[in-house]
Amino acid sequence: MAETTNIPVNPPQRQNEDRYDPQRIEEKWHARWQADPTLFAAEPHSSKRKKYYVLEMLPYPSGALHMGHVRNYAIGDALARYMWAQGYNVLHPMGWDAFGLPAENAAIKNKVPPREWTLRNIAHMKSQMKRLGFSYDWSREVATCLPEYYRWNQWFFLKLYEKGLVYRKNSKVNWCPECATVLANEQVVGGNCWRHEDTPVVQRELEQWFARTTQYSDELLRDLEKLDGWPEKVRTMQRNWIGRSDGVLLDFKVDGPTGPAGDKVTVFTTRIDTIYGATSIQLAPEHPLVADLIGNDPSLLAKVGDLISEQRKARDQEEVESMEKHGVFTERYAINPFTQEKMPIWVANYILMGYGTGAIMSVPAHDERDYAFAQKYGIDIKIVILPRRTGEPPAPGEEEKPMLPYTAKDSMLINSGDFNELSNEEAMKKMTAYSEQHGFGKATVTYRLKDWGISRQRYWGTPIPMLYCEKDGVVPVPENQLPVLLPENVEVTLQGGSPLGRIPEFVNATCPICGGAARRETDTMDTFVDSSWYFYRYTSPHSNDKPFDTAEADYWFPIDQYIGGVEHAILHLIYSRFWTKFMRDIGLVHNDEPVQRLFTQGMVIRNGAKMSKSKGNVVSPDEMVARFGADATRAYSLFAAPPDRDLDWQEAGVEGVHRFLGRVYRFVMKHGRPSVEGYTYVIPGRESWPAKVRALERKMHQTIRRITEDFQGRWHFNTSVAAIMEFVNELYAAEADVSEPKHRQLLDVILRNLVLLISPFAPYLANELWEKLSLPDVAVPSALLRHRWPDYNPELAKEEEIEYVVQINGKVKARLTVAAETTEDIVREQALADQKVRAALEGKQIVKVIVVSGKLVNIVVR
RNA sequence: GCCGGGAUGGCGAAACUGGCAGACGCAGCGGACUUAAAAUCCGCAGGUCCGAAAGGACUGUGGGGGUUCAAGUCCCCCUCCCGGCACCA
């Protein structure tokens, strides 16, 4: 037996440099970047460079980053790095949406004060972000839970109060029993709480602060037209949310005795042209007039009460649609101001007090809902619109009734007195004018958008800077007493009502007017207030006499690119648009819209489902970084799917990207040498190169072009990364040729460009390799941010092609572009083509043109 | 119901203005290197059929129709999936 037992336990280790070891590389550069806090800092607004403001939505410090964050920031960081490389002065800040309920829940569960819990989470998540290598300017970091931030929320609140844009209203509010707090309308999803999807929201009566967002309804709607850098989807959602409709308010006199609610019913209609067909009035069950009309008839009272509770229940449980339409006749009548006819007044379950006036004129012939209702109760159905254009003769059978209900608008009026024969459009104009002249109508615009309820009965939020004095009533806290500090010695519980109300030192205050005792407002602000203007704070985060410096904001705004999840498409983005318009009106900013371009990225899912603890399919970024490195994790999140689509996380895929980065690493380490050659170059004698080398050079230019174009337009970073992979594959295939001494200069250029191209996607690796390509005395701590992006030469990027035109009888029948690798190919193709065309011209028909592998091989003729 | 977005191999996807469908990657198979493995490098690969092989034929982008020399891409109709809105008068 041979002596084979003495196998060394540790096989000879390869050179450290041969193996791609992301941990070693990333920790090395991470340390260097940490040592220089100015590395990613934006230049002040006096900079000569053009500005570019790229922003990712600020996270809630929930504890740890998840993959959705990583994806979001990987997109933003790639863009920021590309824009730096394009020579822009880039503002790329990060902050924390640090107020909110989870901190209180954690306080209850873990007995940790919300502040401590929040700050600890911030510290952890910040270190994760740094480890992932994102190029944030941390000198501009903002945390909304700190007094230096939230005092400006309070300042804004006072300004809004001054301008009459916040007001107090005793109103029914949505109350989530689980959160023990009030929810905005926007936080109610299908009758349930947006956080507790199984918890139905109940109604409660409370005094609340409201911001008058409706003041800007029309502008918020109109300016959507300007936002052509936003996804159409988001604009549509906002349009629907604002919900403008143009119509007329019409007064109908009530016949007979009336009460305190008045002697007329005001309805809102968008179809005044159908008024001659209105055969009843329908009131919402909660309409104030109802009580007057039905008096104290006990059976009617009971029925209306049923309608109210039924309506609420249905609304809570999202059964509105399937509900059968029914109602109660009040046994009273109103007078149609156009016809003077008596119309029965009903109370109906399908009329909402929250929209329009809570009363409608019912036109059964021309409205689906009214039709169903009238059919059920035998109410008159009067046709006043025919599906025929004015001036057209009736088609045969046209005198027949249209299919009811007939709701189309491009038709003609009948049975409408003086307005007969008019088109809808004209009738609406004339009838509106008529109603206004006679004092019973008024052209009006109605919106679905409601004022924004900003009071929250919670602890962990911005205290509302208001006082209640016995003598002077509601009194704002004077500006020089800001901030109203949030006390820290608070025991947080989930009991209803605000925790602040249980702290006498906080509640008891002095009235600034009379000097007497006053009670402090104990509600805090909705956290959407924080996020409505935070991106302005980034422009001068340490300003301590104003929320931010207007000159800085003027320089940086609007945000050139905002990136985040589509779940904020309505709330956050509509509130911040409102806030910007308000700030403009008080002269603080000089732009109408905060966000020029918006990008909404897809979700990160796994096994077809959203990542969640309950499903047990959560992948932690820390684990990915530990196994494959930050570069591979980030690059994978860009490579696996286009950024606007959902991304199914597959670890094998991350491994693949890791492998690819290793290929780049090894190739550059093997062939790289310090060189001063730039990315622009002139290399003579190109004609004598082997085809492989020429093709490689072409590939380089094509790759630069593709990636540059992806950044400029389509943002398909998945194909950007794929393009670099292709380039690297070709590089390996041509390794033997291109490493010959006479191509050395080309190889230098290729390696440098390759490293620059991967830098937005794998910044750590790019820096490591750039060091390899740099002369020893050149310092490389710049994170490559300010190194110029490579140019491509369009001529050298072009495929060699021939164009081939097929004609029959002088008519161009086909025009084909055929790729040809060499000149000989072109000649051969041309000869073949000519032959085929000649055949085709002999009075024959072309049946088929066959192109295989870029070469025209046959034209089938008959 | 209305609005928006989708449907392409075993999987994630690509094909930008109609012009070689499936780039790139994952998983798979084969080879080289190695005592072996890992790592790495090279190659194969939509499906069905013919052929020993080289190669070839047919078929193929949710379904049906159409325009075109040419359709994943344009037009008409339909099915399914995802997201948003919804008695909005």
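Order of the sequence lines fixes the chain letters, A, B, ..., with proteins taken first and strands second; residue numbering starts at 1 for each chain.
In this structure B:U8 sits in no base pair that meets the Watson-Crick or G-U test at under 3.5 Å. Checking B:A13 for Watson-Crick or G-U wobble geometry (two distances, each under 3.5 Å) identifies no partner in any strand. When both distances must be under 3.5 Å, the Watson-Crick or G-U wobble mate of B:G83 is B:C3.
A:Asp380 and A:Lys382 are not joined by a salt bridge, as no carboxylate oxygen comes within less than 4.0 angstrom of a charged side-chain nitrogen. Between A:Arg706 and A:Glu709 no salt bridge is recorded (no basic side-chain N to carboxylate O distance below 4.0 Å).
You'll find that the side chain of A:Asn240 is closest to B:C85, out of B:C85, B:C87, B:A23. Closest approach to the A:Arg369 side chain among B:C88, B:C85, B:U40 is made by B:C88 (side chain taken as heavy atoms from C-beta onward). Closest contact between the side chain of A:Tyr350 and the listed nucleotides B:A13, B:C87, B:A15 involves B:C87. Nearest to the side chain of A:Thr269, among B:G12, B:C41, B:A89, sits B:A89. With B:C85, B:A14, B:A89 as the candidates, the nucleotide lying closest to the side chain of A:Leu352 is B:A89. Counting only heavy atoms from C-beta on, A:Trp241 has its side chain closest to B:C85 among B:C85, B:A89, B:G25. Comparing B:C24, B:A15, B:C42 against the side chain of A:Thr719 picks out B:A15 as the nearest.
Under the 6.0 Å distance and 45° angle rule, A:Arg663 counts as a cation-pi partner of A:Tyr732. Annotation: cation-pi geometry not satisfied between A:Lys325 and A:Phe373 (NZ/CZ under 6.0 angstrom from ring centroid, within 45° of ring axis).
The interatomic distance linking A:Tyr371 (OH) with B:A89 (P) rounds to 21 Å, in whole Å. We find that OH of A:Tyr20 is positioned 14 Å from P of B:C41, with the value rounded to whole Å. Across the protein-nucleic acid pair, A:Trp649 atom CH2 and B:A27 atom P stand 15 Å apart, rounded to whole Å. Taking atom CG of A:Leu249 as the reference point, atom P of B:A89 lies 13 Å away to the nearest angstrom. Atom-to-atom, CG of A:Leu647 to P of B:G83 comes out at 17 Å; the value is rounded to the nearest Å.
Between A:Arg448 and B:A86, a side-chain N or O to OP1/OP2 separation shorter than 4.0 Å is present.
Residue-level contact check: A:Pro231 touches neither bases nor backbone, having no heavy atom under 4.0 Å from any strand. Contacts of A:Gly656 with the nucleic acid, taken as non-hydrogen atoms under 4.0 Å apart, involve only primed sugar atoms and P, OP1 or OP2. A:Tyr732 comes within 4.0 angstrom of sugar-phosphate atoms only, judged by non-hydrogen atoms across all strands, and of no base.
Each of A:Tyr447 and A:Ala722 was matched to the nucleotide of RNA chain B holding its nearest heavy atom; the match closer to the 5' end belongs to A:Ala722. Closest-nucleotide positions on RNA chain B for A:Asn729 and A:Ser245 were compared, and the one nearer the 5' end corresponds to A:Asn729.
If you check the side chains of A:Gln238 and A:Thr236, you find no donor sitting under 3.5 Å from an acceptor.
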